[in-house]
Amino acid sequence: MDEKYFPEKIEERWQKFWEESGAFEADADASREKRFYCLEMLPYPSGFLHMGHVRNYSIGDALSWFRRLQGFNVLHPMGWDSFGQPAEQAAIKRGVMPREWTEKNIEHMRGQFKRMGFSFDWRREIAAHTPEYYKWDQWFFLKMLERGLAYKKVSPVNWCPAEGTVLSNEQSSGGVCWRCGAAVEKRDIEQWFLRITDYAERLLEDMSEIEGGWPERVLTMQRNWIGRSEGAYIDFQVKDTDERVRVFTTRVDTIYGANAVVVAPDHPLIEHSPMKEDVRRFAERVRAERAAAREPGALEEKEGINTGLLAVNPFSGELIPVWAGNYVLTEYGTGAVMSVPAHDERDFEFAQKYSLPIRRVIERISHEQPPAERDPEVEDQSVAMSEAFTEYGILVSSGDWSGKLSEDAIREMAEFAESRGFGERAVTYRLRDWGVSRQRFWGAPIPIIYCDACGIVPVPEKDLPVVLPERAEFTGAGQSPLAGVPEFVNTTCPKCNAPARRETDTMDTFVDSSWYFFRYCDPKNPDAPFDREKAAYWAPVDQYIGGVEHAVMHLLYTRFWTKFMRDVGLIDFDEPVRRLMTQGMVVAETFYREGEEPGSKVYFNPSDVDAVRDDKGRVREATCVADGQPVMVGPFEKMGKSKNNGVDPNDMITAYGADAARMFVLFAAPVENDLRWQEAGIEGSLRFLRRVYSFVYRWREVLRDVPRDVAGEVSPEARRLRHETHRTIERVTNDFEGLRYNTAVAAMMELLNVLAEVEVKSGLLDFFGGRGARELVWPPNLRASDEEIRKLELSAVRETLEALVLMLAPFTPHLSEELWEALGHAGGMLRSGARWPAFDETLARREQVEIAVQVNGKLRGRVLVSD
RNA sequence: GCCGGGGUGGCGAAAUCGGUAGACGCAACGGACUUAAAAUCCGUUGGCCGUAAGGCCGUGCGGGUUCGAGUCCCGCCCCCGGUACCA
């Protein structure tokens, strides 16, 4: 053992040891009931790790170690979300094939992960872009097709007319093509969809199973995303036609106040309008405005046009006009609404603009007087009402329904409509089916063949996987590169053997990540996505850790996929993840210069920038290291490639060691908070580790022969040390359960401070030559009686140091291994059966005294005071 | 607008059950050691008044409950995230 702490040397040594001894390899073992599946969201192999990754995987790694030390059989795997657009862009820009680019990145990042010393079971590594993996994406797709859950329909994509290519939402932000700047158009093409809407109800219901384990805000976001709303369909007969127009409403109770039916501009009913041509022009304009809208949030003014049609209110028999309006969405409900301006803000605004009559049919419930009946024929509240009354209340001017409460009327009127055949109770969702087609090369090919004679033919299971070709032309323009590879496209029909064409769309990468953690349970299985028994042992995931940006899409798709897997009998539970932790982003300063294109920016990596800071740490001036020219200081942004503000963990490892870097990112802030990256604080973590190291170094010889527990009296200092040690164990253990790593670290720092104090006060340090002595050796001339006394003290010191080393292991595994060995345990912590320290209840408890509080001689309460 | 989460020193933060507000760390300042620097160690560090002992104020703002409120209740202000005409 060196006198000084040399992180790199220690880290290299133990990483080698772990690898050779297979320390983190875990297998399903029915005899080990205590098992734990710890999972972090798998990374996209962009090329380099940054501190954001370090944080994410440090959180999970700490928990994995904690559970291992508690005797759990821990599955902690790692893999790559290796399909996706950046690989294709690299191909376009640099001509390097996506697979080559991706695999080079993976190799580099795997090396970085290993240098961080994360305790992954690397035998289980998976990558989405390997045929062994995406074969099962395709297999699942076929299973969904079999069950009618995969289907094809026409749906719009973003289209760049200049390059003749499909763009993602991101690539067409601002309504222009990100490469050539041409105005983006919508184009309708046939695409594959998965019927996630069939699972909407279960996705909502099963939330009760994970409540408490998932952050409330994630559950809320999912609930809103699914957007269940209960109401009724009501059919309005259209005058002089055989058509009925069906509307969806959550407020049937307001139907006597309907002044119009408003349909979406492209509603089929328009066909019957005498003003067909005008309405069409209106629809065309609305579509163009939508496409040009820069921000999705920008609300247009409500506009509409009278179609000239009249509809019959089935409740009142009244004739009301049919309008087309830009605020009615084709995709939601039935694409038609009844307009009740008195009780709906949007309808109110619309009615104001076009001077449509406003009729109030709901009154606030009043206890003083019954609501006044208004004359339905003449009542117009256009002036009286300054805004819509959207609350529930009591019905007025509503025929036989007047006097009823909204709650009751909503139910009863829907039932009435149902019994008379002009409507039904209904539930609608905001959730849309999941479009999985991508007009891209770098994804799992959709296993479908088109035959002129047989139509759409699924690829037979025995022919899976449909393998991506090695090479293709990547121009960034025109059709998908896959469509330009004849060897891929041309095939024969599995049914009739005639020449046929393959589907050239690939799958959304969310498909890959919807079930990958099941594959980890059985990563090499050639015959099934995974073995039932193995998955039953490990899954569901006990703790999942990742960014909140995946709160909706990924986590919803994953829940959907899990339910589907249950339906096909692969597993027997509904929810994939018991506990979810959404960690905050690591953000860092950005530095840039104006680029050549107007508005474009060239970003500099912080390591290439010299920054002059004020005393508050803000950058006052920055210059580029390479050319000495000034650079602009941008805002703090999420670390990543796009802003080039990623801090390379390799630099941190070189300067401070992986252990200090890992501990610092966990100590600096609660894991759910965003973390502003600044290197300054990491020094403090290193200082702490150095102190721990030098304590063990100083005491190691002496402590080897000292038992951990000694009965009998001890000095006040030793008693205090034992008390503090057990109190700390209790605190740290609880903090780990709640992933409160920052306070866990703080508690251990406090314990070390106590130890330092005790060392001085007890005279122990003096015994070895006093404060400042750097190399302490047990004196050979020590008398026996002294030794007895010292053992009493030292047993407490030993217990404290061992507990500290063990509790630090999840943060600083390399250092802990080294110190554990120095304290006389051979063979590595996990092999030698090191266990998380148990706290002694009586030692950990503080004595509490109840004090009566008296005011003017009267007892006013009691207070518990700790010693 | 709606939904969710927040607002505590110069900074990151702590206070898990209503009970000493600011643990732990960073930065800063002072000291020891050193030819010097680094490293290390010791000390000070919410604000105001005071030589001191000590006192007063202090958890976004205004009220309330309570012997006691950062914590509970009511009303506001501000920030962050999600969402966007969902009928």
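Residue numbering restarts at 1 for every chain, and letters A, B, ... go by the order of the sequence lines.
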J.: What interatomic distance, in whole Å, is found between P of B:G6 and the corresponding atom of B:A21?
T.: 24 Å
J.: Closest approach to the side chain of A:Val328, judged atom by atom: which nucleotide of B:U16, B:C85, B:A87 is it?
T.: B:A87
J.: The side chain of A:Ala746 is closest to which nucleotide in this list: B:C85, B:C24, B:U83?
T.: B:C24
J.: Between B:A13, B:A27, B:C24, which one does the side chain of A:Asn753 approach most closely?
T.: B:C24
J.: Taking salt bridge (Lys or Arg N to Asp or Glu O under 4.0 Å) as the test, write out the residues that go with A:Glu683, two or more places apart.
T.: none
J.: Side chain of A:Ala669 only, heavy atoms from C-beta on: which candidate in B:C86, B:G12, B:C24 is closest?
T.: B:G12
J.: Look at the side chain of A:Tyr327 and decide which nucleotide, out of B:C41, B:C86, B:C85, has an atom nearest to it.
T.: B:C85
J.: For a side-chain hydrogen bond (donor to acceptor under 3.5 Å, both in side chains) check, start with the C-alpha distance between A:Thr250 and A:Ser229, then their side-chain angles and the critical distance, and finish with the verdict.
T.: CA-CA 7 Å; A:Thr250 55; A:Ser229 78; over 6 Å; no
J.: Can you figure out which of B:A87, B:A15, B:C41 approaches the side chain of A:Thr743 most closely?
T.: B:A15
J.: If each of A:Tyr429 and A:Trp225 is mapped to the nucleotide of RNA chain B with the nearest heavy atom, which maps nearer the 5' terminus, i.e. the 5' end?
T.: A:Trp225
J.: Where does RNA chain B pair, written as one dot-bracket string 5' to 3', with Watson-Crick or G-U pairs under 3.5 Å, ( ) inside the strand, [ ] for crossing pairs and | for another strand?
T.: (((((((..(((......[....))).(((((.......))))).((((....))))..(((((..]....))))))))))))....
J.: Please determine whether a side-chain nitrogen or oxygen atom of A:Arg691 lies at a distance below 4.0 Å from atom OP1 or OP2 of B:C41.
T.: yes
J.: If you measure from the P atom in B:G10 to the same atom in B:A23, how many Å do you get, rounded?
T.: 14 Å
J.: Quick one: salt bridge (Lys or Arg N to Asp or Glu O under 4.0 Å) partners of A:Asp235, sequence neighbours excluded?
T.: A:Arg244, A:Arg246
J.: With A:Glu201, which residues qualify under salt bridge (Lys or Arg N to Asp or Glu O under 4.0 Å), at least two apart?
T.: A:Arg228
J.: By nearest atom, which of the nucleotides B:G4, B:C85, B:A39 is closest to the A:Arg690 side chain?
T.: B:A39
J.: Just to be sure I understand the geometry, which residues of residues 210-219 of chain A put a non-hydrogen atom under 4.0 Å away from RNA chain B?
T.: A:Arg217
J.: May I ask you to evaluate whether A:Asn742 reaches the phosphate of B:A14, defined as a side-chain N or O under 4.0 Å from OP1 or OP2?
T.: yes
J.: Which residues satisfy the salt bridge (Lys or Arg N to Asp or Glu O under 4.0 Å) test with A:Glu672, sequence neighbours excluded?
T.: none
J.: RNA chain B: A:Asn734 or A:Asp674, which has the more 5' nearest nucleotide?
T.: A:Asp674
J.: If the plane angle is over 60° it's perpendicular, under 30° parallel, otherwise tilted; pick one for A:Tyr332 and A:Phe248.
T.: perpendicular
J.: Using the side-chain heavy atoms of A:Thr220, tell me which of these nucleotides is nearest: B:A23, B:C11, B:G4.
T.: B:G4
J.: Is any side-chain nitrogen or oxygen of A:Asn673 closer than 4.0 Å to OP1 or OP2 of B:A13?
T.: yes
J.: As a test of reading the structure: which of B:U16, B:C11, B:A87 is closest to the side chain of A:Val337, going by heavy atoms?
T.: B:A87
J.: B:U83, B:A87, B:C24: which one has an atom nearest the side-chain heavy atoms of A:Tyr332?
T.: B:A87
J.: Test ring-ring contact (aromatic ring centres under 6.0 Å, His included) on A:Phe811 and A:Phe736 and set out the steps.
T.: CA-CA 11 Å; A:Phe811 302 128; A:Phe736 263 91; 5.3 Å; yes
